[in-house]
A.B. asks: 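Quick one: structure below, then a few questions.
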Amino acid sequence: MLDNNKKHPVTPFGWMIKQKLVERKLDQKTFCETYQIPPARLSNLIHGTRKAKRHRKIVSQLLGIQDES
């Protein structure tokens with residue numbers, strides 16, 4: 001699935017998030033609701049529009065992503 005967001009393309013970390021969600025058969029909304037993560041913060045992480053360090057750490061742990069930032 002391609003993201004047509006021209007202003008803020010998906011970052012490499014964002015693609016890892018999307019890949020892990022697909023592997024777990026979860027959509028972004030369900031993931032956010034399940035783990036009480038604001039959808040805007042997940043979007044910020046996927047597009048790199050905001051650091052969101054606390055949520056980045058939480059998402060990395062939940063999805064098993066090695067965070068290199």
Side-chain angles (χ1 to χ4, degrees):
M1 182 170 87
L2 292 176
D3 191 344
N4 292 328
N5 189 338
K6 301 290 185 211
K7 289 184 181 179
H8 302 287
V10 176
T11 64
F13 183 70
W15 284 118
M16 286 190 279
I17 292 171
K18 287 180 173 276
Q19 180 180 4
K20 293 291 184 177
L21 290 176
V22 168
E23 288 172 7
R24 294 169 187 229
K25 296 181 174 77
L26 282 173
D27 59 29
Q28 289 176 216
K29 181 179 180 181
T30 303
F31 177 74
C32 289
E33 288 173 351
T34 302
Y35 297 106
Q36 291 81 46
I37 296 168
R41 283 302 154 266
L42 187 62
S43 179
N44 292 148
L45 292 173
I46 290 171
H47 296 286
T49 53
R50 194 174 201 177
K51 292 228 187 267
K53 289 182 182 180
R54 189 178 102 217
H55 287 100
R56 184 179 184 103
K57 184 177 179 180
I58 292 168
V59 170
S60 295
Q61 290 174 341
L62 289 170
L63 295 177
I65 297 172
Q66 187 68 29
D67 189 4
E68 297 163 2
S69 69

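When a residue number appears, it is its place in the shown sequence, counting from 1.
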A.B. asks: Looking at Thr30, is its backbone amide N or carbonyl O close enough to the side chain of Thr34 to form a donor-acceptor pair, meaning the two atoms are under 3.5 Å apart?
C.D. replies: yes

A.B. asks: I need the Leu42 CG to Ile58 CD1 distance, nearest 0.5 Å.
C.D. replies: 11.5 Å

A.B. asks: Determine whether Lys57 and Lys53 make a side-chain contact, defined as any pair of heavy atoms from C-beta on separated by less than 4.5 Å.
C.D. replies: no

A.B. asks: Is Ile46 close to Gln28 at the side-chain level, that is, under 4.5 Å between some pair of heavy atoms?
C.D. replies: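 A side-chain contact under 4.5 Å exists here.
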
A.B. asks: Contact between His47 and Val10 at the side-chain level, heavy atoms closer than 4.5 Å - yes or no?
C.D. replies: yes

A.B. asks: Quick check: do Phe13 and Arg56 have side-chain heavy atoms less than 4.5 Å from each other?
C.D. replies: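 Side-chain contact under 4.5 Å: yes.
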
A.B. asks: What are the two closest non-hydrogen atoms of Ala52 and Arg41, and how far apart are they?
C.D. replies: CB-CD, 3.9 Å

A.B. asks: Could you grab the distance from atom NZ of Lys51 to atom CG of Asn44, nearest 0.5 Å is fine?
C.D. replies: 12.0 Å

A.B. asks: I need the minimum non-hydrogen distance between Leu45 and Thr11, along with the two atoms involved.
C.D. replies: O-OG1, 3.6 Å

A.B. asks: State which residues pass side-chain contact (heavy atoms from CB on, under 4.5 Å) with Pro39; sequence neighbours excluded, sorted by chain then number.
C.D. replies: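 If we apply the side-chain contact (heavy atoms from CB on, under 4.5 Å) test to Pro39, skipping adjacent residues, the hits are Cys32.
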
A.B. asks: Decide yes or no for His55 and Pro38: does some side-chain heavy atom of the first lie under 4.5 Å from some side-chain heavy atom of the second?
C.D. replies: yes

A.B. asks: Mind checking side-chain contact (heavy atoms from CB on, under 4.5 Å) for Gln36 and listing every partner two or more places apart, or none if nothing turns up?
C.D. replies: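 Once residues adjacent in sequence are excluded, Gln36 has no partner under the side-chain contact (heavy atoms from CB on, under 4.5 Å) criterion.
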
A.B. asks: Run the side-chain contact (heavy atoms from CB on, under 4.5 Å) check on Val59 and Tyr35 step by step: do they pass?
C.D. replies: CA-CA 9 Å; Val59 170; Tyr35 297 106; over 6 Å; no

A.B. asks: A side-chain contact here means heavy atoms from C-beta on lying under 4.5 Å apart; do Leu63 and Glu23 qualify?
C.D. replies: no

A.B. asks: In terms of hydrophobic clusters joined by side-chain contacts under 4.5 Å, are Val22 and Ile17 together?
C.D. replies: no

